[in-house]
Amino acid sequence: MVVLSQPLVENFSHIKTCKHNNTTSDHVYTGIIPVIDLLDPEANNLIIKACQEFGFFKVVNHGVPIETITKLENESINFFNLSQIEKDKVGPANPFGYGNKRIGSKGDVGWVEYLLFTTNPELNHNKSITIPGNSLLFWGLVKEYISAVRNMGCMVLEMIAEGLNIEPKNILSRMLSDEKSDSCFRLNHYPPCPELLQALSGRNLIGFGEHTDPQVISVGRSNNTSGLQISLKDGTWISVPPDPYSFFINVGDSLQAMSNGRFMSVRHRVIADCLKARVSMVYFGGPPLSEKIAPLSCLMEEPNEQILYNEFTWSEYKISAYKTRLGDNRLSLFEKNAQS
């Protein structure tokens, strides 16, 4: 289904573009993205390898009901199809609620509109957000979806713990399953913009600028419109072929720190499609605000292994992240050799 809502084109001058690069075409790189069957007996080891090499992988046989995915996507499309006046009543995002083009508070922009919610029960932001139409149905579907995706995310983190041979099994997953987990959930809509094709002159329109996610892991999916790209270790950007019925896992900054740099928080971005709408859903699995993040001592294989990161709480990292631009290397501020 195509979402017909069109943001105001006069704001185009503030939206970033990037050079078109044929080497990022889907057909060239389809086989590069690790695809992991969660029912595979070797899934643990395959996930570890993917986290080390890419910080990113696709999962199938994930256990999240297709009906749950489809219903929420349809309700999301219904919301983004509303008039701009109706959608603006749910914003502005601060940081939760409806946002349009502005990403964060430091001047970052993109060709995107979104709904951002917290899953932290200690925060009351969601209670003030009323979705036009059947709000009870919408919130029910959001709750059902988040529960299913969080469970799958916990399963992946327990597989990581097993693959690393660290105990206890829930050493990572407990941060997401904790009732005080400071996770969040975002619905993104990248509208088509055929009227901008000529103005772009062959360049790509940035939907969401390059960045890493600060949390432990992110679990995302989209409709069948392409746009997601990840950066390889050598800086090459590659396109991720969309798959509406599978999920993509991102290693976040917190997991990079806890693994003492064994895993890399993947840098990624979204390129908007001028002719087709893209709708994505992303669950950002974060720890409780008071959780201490530091390299896990049980991972240190050698007595003289250098600890790369200073200990910090998730609350401290969030505060620091909100003070930076989207594309900044936030984790560098917490490296052992960083200037205080």
Chemist: Start with the C-alpha gap between Y98 and F79, add the side-chain angles, then the distance that decides, and say whether ring-ring contact (aromatic ring centres under 6.0 Å, His included) holds.
Modeler: CA-CA 10 Å; Y98 171 75; F79 172 81; 5.8 Å; yes
Chemist: Mind checking what makes salt bridge (charged side-chain N to carboxylate O under 4.0 Å, His left out) contact with R262, not counting sequence neighbours?
Modeler: E305
Chemist: Going by ring pair (Phe, Tyr, Trp, His ring centres under 6.0 Å), name the residues that satisfy it together with F54, two or more places apart in sequence or in a different chain.
Modeler: none
Chemist: Who passes side-chain hydrogen bond (donor to acceptor under 3.5 Å, both in side chains) against S254, sequence neighbours left out?
Modeler: none
Chemist: Who pairs with S76 by side-chain hydrogen bond (donor to acceptor under 3.5 Å, both in side chains), at least two apart in sequence or on another chain?
Modeler: none
Chemist: Under a 4.0 Å threshold between the charged nitrogen and the carboxylate oxygen, would D182 count as salt-bridged to K318?
Modeler: yes
Chemist: Taking only residues two or more places apart in sequence, or in another chain, which ones meet F247 in a ring pair (Phe, Tyr, Trp, His ring centres under 6.0 Å)?
Modeler: H62
Chemist: Sequence neighbours excluded, which residues qualify as side-chain hydrogen bond (donor to acceptor under 3.5 Å, both in side chains) partners of N45?
Modeler: E42
Chemist: Over all heavy atoms of both residues, which pair between I32 and I238 is shortest? Give the atoms and the distance, please.
Modeler: CG2-CD1, 3.8 Å
Chemist: Do S218 and D213 have a side chain donor and acceptor closer than 3.5 Å?
Modeler: yes
Chemist: What closest approach, in Å, do R330 and A321 show between heavy atoms, and which atom pair accounts for it?
Modeler: CD-CB, 3.4 Å
Chemist: Give a yes or no on this: more than 12 heavy atoms of other residues, nucleotides or ligands lie within 6.0 Å of atom NZ of K49.
Modeler: no
Chemist: Tell me, please, which residues at least two apart from K292 pass salt bridge (charged side-chain N to carboxylate O under 4.0 Å, His left out).
Modeler: none
Chemist: So, K180 and E291, do they make that salt bridge, N to O below 4.0 Å?
Modeler: no
Chemist: Which residue, T324, L326, L331, forms the side chain to side chain contact (heavy atoms under 4.5 Å, CB included) with D328?
Modeler: T324
Chemist: If you count heavy atoms of other groups shown closer than 6.0 angstrom to CG of L39, is the number above 12?
Modeler: yes
Chemist: Under the ring pair (Phe, Tyr, Trp, His ring centres under 6.0 Å) rule, collect the residues that match up with F56, sequence neighbours excluded.
Modeler: F248
Chemist: Restricting to salt bridge (charged side-chain N to carboxylate O under 4.0 Å, His left out), what partner residues turn up for R186, sequence neighbours left out?
Modeler: none
Chemist: Identify, with sequence neighbours excluded, every residue that meets side-chain hydrogen bond (donor to acceptor under 3.5 Å, both in side chains) alongside S147.
Modeler: none
Chemist: Can you establish whether the number of heavy atoms outside I66 located under 6.0 Å from its atom CD1 is more than 12?
Modeler: yes
Chemist: Please report the C-alpha distance between F334 and Y317 in whole Å, then the side-chain angles of each, then the deciding distance to 0.1 Å, and finally whether the ring-ring contact (aromatic ring centres under 6.0 Å, His included) criterion is met.
Modeler: CA-CA 9 Å; F334 296 86; Y317 195 70; 5.2 Å; yes
Chemist: Are E75 and K71 within salt-bridge range, i.e. N to O under 4.0 Å?
Modeler: no
Chemist: Is there any ring pair (Phe, Tyr, Trp, His ring centres under 6.0 Å) pair reaching into residues 144-183, and which pairs are they, with sequence neighbours excluded?
Modeler: Y145-F185
Chemist: What's in the same ILVMFWY side-chain cluster as V282, cut-off under 4.5 Å, chained through other members?
Modeler: F284
